[in-house]
Amino acid sequence: MTVKIFDTPEVQDFLNTVAGFDQAGGSERAKRIVHRLLADLYRLIDDFDVTPEEFWATIGLMNELGKGSQFGLLAPGLGFDHYLDMRMDAEDEARGLAGGTPRTIEGPLYVAGAPEAEGVARMDDGSDTDSEVMWLTGQVRDTDGRPVAGARVEIWHANAKGGYSHFDPSQSEYNLRRTIITDAEGRYRARSIIPSGYGVPEGSPTDRVLKALGRHGQRPAHIHYFISAPGHKHLTTQINLAGDPYTWDDFAFATREELLVEGRLIDDAAEAEARGLEGPFTEVVFDIELSRTEAPELQSRHKRPRALEQAAD
C-alpha cells in the first residue's frame, strides 16, 4: 500500500526539529543545508515508495563505501566533480577571467610532497622496463603568450597497469609523481612511461552503484596536473592521451576536447640521445596557459582531503 505523508504538518514540524531549527546553537547554514537535504530525501522516500529493506540496503552500501574510502572514487562517477567544475567555470566567466587552459577534475589520487626538480625530472623509478618511454614536455605561458618562469607544475599519473603509487603498495614511494619548476622560458620536461587507463575495482561498492545505473567504471589513459604561479589563477587539469577507447566514455566525465593530446612516436637515435634516452620514445607535448589574477584565494588550490597534504604543509 502506497501512502504519502511528506506534506503533512507533522512531517514538516519533524523536519524542522531534526534540522535543529528549534535550537539556539550550531550553524545556521548547516541547519538550512541539512533541512533541504533531508526534505529532498524524505520526499523521495514518499514519491518512490522506498521500502525499509531498500533504505537499509543503501545504508549498508554507504558504510562499505566509507570503510573502503571510496566516496572520493564514487563522487566523480556521479558527476559531482564535473558539476563543481562547471560552477567554477561560470564563476570565472562572471569575474571576467576568460581564456587559459581549461580546468577539469582533480580526482582522488593526488599525494602531497612529491620530489621537486628544476626544469626537468625523471618521474618513473626505472623498474618497469617493458613500458613505453614517454617524454612529457611543454611551456607555461600567460594569456598574452609570455612565458611564466618559476611556475610549479605538479604531475602525477598511473603506471602501465593503471595503478597509482601510494595507493598501490607494489610501487615505490612517489613513483610517477613529481613537481617541476619551470625554467626561464617557462618550460618543463619529464621522462616517464605511458600510463594506462583504469577501472574501479570489480565488485566494489562504487562498481555496484555504477552497474545499478547500467554504467561502467572505466577511465581513459590520462595525466594529472596542478599548475601554480604568483599572480596567476591556480589550474587543476588533466590531459587524455588520444586513441584510448574510453576517451569520450570516461566514467568520471573529465574529458575535454582542448585537453586531448596526441603522442608522437620518435625512433630517431639522435633525438633520443638529445633527451638522455636510449631508444624509441613517445613525445607528449602539453602547453599550459594561465590566467592572471590578483585575488589570493584564486592562486591556490581549493581545500579538500588529500593524501599526506597536512604532513607536507
Side-chain angles (χ1 to χ4, degrees), residues 68-70 72-77 81-82 104-111 114 121-138 153-178 180 189-204 206-207 210-211 215-226 236-257 259-267 275 277-286 307:
S69 300
Q70 288 197 20
L73 184 61
L74 179 59
D81 296 44
H82 182 65
T104 193
I105 73 168
E106 174 183 334
L109 300 172
Y110 172 79
V111 177
R122 180 166 182 173
M123 295 182 61
D124 68 296
D125 62 9
S127 62
D128 191 349
T129 57
D130 295 329
S131 290
E132 186 177 350
V133 175
M134 175 175 66
W135 185 257
L136 179 63
T137 185
V153 181
E154 299 183 63
I155 308 171
W156 69 101
H157 65 78
N159 66 7
K161 297 179 180 179
Y164 284 77
S165 62
H166 181 81
F167 303 96
D168 172 9
S170 72
Q171 296 187 50
S172 62
E173 185 179 31
Y174 291 115
N175 187 39
L176 308 175
R177 301 177 184 275
R178 289 296 184 273
I180 304 173
R189 304 165 184 85
R191 172 180 175 170
S192 194
I193 59 173
I194 293 290
S196 170
Y198 66 85
V200 303
E202 182 72 24
S204 67
T206 299
D207 181 53
L210 294 172
K211 284 180 175 173
R215 295 176 50 205
H216 65 74
Q218 299 296 320
R219 293 218 61 204
H222 57 281
I223 301 169
H224 293 271
Y225 283 81
F226 282 156
T236 298
T237 195
Q238 60 182 270
I239 57 173
N240 289 124
L241 302 183
D244 192 291
Y246 290 104
T247 295
W248 298 108
D249 191 20
D250 178 4
F251 99 95
F253 307 104
T255 303
R256 299 185 72 154
E257 188 172 357
L259 301 174
L260 188 61
V261 178
E262 291 270 2
R264 182 171 70 102
L265 180 62
I266 298 176
D267 58 6
R275 294 166 175 79
L277 306 177
E278 299 78 32
F281 64 96
T282 295
E283 183 177 63
V284 176
V285 179
F286 180 48

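- Under the 6.0 Å cut-off for aromatic ring centres, Trp156 and Tyr164 do not qualify, their centroids lying 6.0 Å or more apart.
- In this structure, Arg219 contributes its side chain and Gly199 its backbone to no donor-acceptor pair below 3.5 Å.
- Ser192 has its side chain out of reach of Val284: every pair of non-hydrogen atoms, C-beta onward, lies at least 4.5 Å apart.
- Under the 4.5 Å side-chain criterion, counting only non-hydrogen atoms from C-beta, His157 is in contact with Met123.
- At distances below 3.5 Å, at least one donor-acceptor pair connects side-chain atoms of Thr104 with backbone N or O atoms of Ala254.
- Between the side chains of Asp125 and Ser172, at least one donor-acceptor pair of N or O atoms lies under 3.5 Å.
- Taking CD of Gln238 as the start and CD1 of Ile105 as the end, the distance is 5.5 Å to the nearest 0.5 Å.
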| field | From CA spacing to verdict: side-chain contact (heavy atoms from CB on, under 4.5 Å), Asn159, Asp168 | value | CA-CA 10 Å; Asn159 66 7; Asp168 172 9; 3.9 Å; yes
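- Within the model, atoms CG of Leu74 and CG of Leu210 stand 6.5 Å from one another, a figure rounded to the nearest 0.5 Å.
- Side chain to side chain, Asn240 and Thr255 meet the donor-acceptor criterion of an N or O pair below 3.5 Å.
- Note that the CG atom of Leu265 and the CZ atom of Phe281 stand 8.5 Å from one another [nearest 0.5 Å].
- The distance from atom CD1 of Ile223 to atom CD1 of Ile194, rounded to the nearest 0.5 Å, is 6.5 Å.
- Residues Phe253 and His82 approach most closely at O-ND1, 3.3 Å, considering heavy atoms.
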| query | Yes or no on salt bridge (Lys or Arg N to Asp or Glu O under 4.0 Å) for Arg189 and Glu283, after CA distance, side-chain angles and deciding distance? | reply | CA-CA 10 Å; Arg189 304 165 184 85; Glu283 183 177 63; over 6 Å; no
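- Within the 4.5 Å cutoff, side-chain heavy atoms of Ser204 are placed close to those of Gln70.
- In this structure, the side chain of Gln171 engages the main chain of Gly163 through a donor-acceptor pair within 3.5 Å.
- We find the CG-CD1 distance between Leu136 and Ile155 to be 5.0 Å, quoted to the nearest 0.5 Å.
- The minimum heavy-atom distance between Ala158 and Pro195, with the atom names listed, is O-CB, 3.2 Å.
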| message | Determine whether Arg191 and Glu132 satisfy the following criterion, salt bridge (Lys or Arg N to Asp or Glu O under 4.0 Å), listing intermediate values before the conclusion. | response | CA-CA 11 Å; Arg191 172 180 175 170; Glu132 186 177 350; over 6 Å; no
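- You'll find the side chain of Thr236 stays beyond 4.5 Å of the side chain of Tyr110, heavy atoms only.
- Counted by atom type alone, Asp244 and His222 present zero donor-acceptor pairs between their side chains at under 3.5 Å.
- Here the straight-line distance linking atom CZ of Arg178 with atom CG of Asp124 works out to 8.5 Å at 0.5 Å rounding.
- Of all the heavy atoms in Asp128 and Ala160, the pair that sits closest is OD2-CB, 3.8 Å.
- Annotation: side chain of Arg177 is in contact with side chain of Ser165 (closest heavy-atom distance under 4.5 Å).
- Side-chain atoms of Val133 and Thr282, non-hydrogen and from C-beta on, never get closer than 4.5 Å to each other.
- Using modelled atom types, one side-chain atom of Arg215 and one backbone atom of Gly77 make a donor-acceptor pair closer than 3.5 Å.
- Here the side chains of Phe251 and Val200 are in contact, with some heavy-atom distance below 4.5 Å.
- Of all heavy-atom pairs between Ala242 and Leu260, the closest is CA-CD1, 3.8 Å.
- Between Tyr225 and Leu259 the shortest side-chain heavy-atom distance does not fall below 4.5 Å.
- Proximity of the aromatic rings of His216 and Tyr246 is defined here by a centroid distance below 6.0 angstrom, and this criterion is met.
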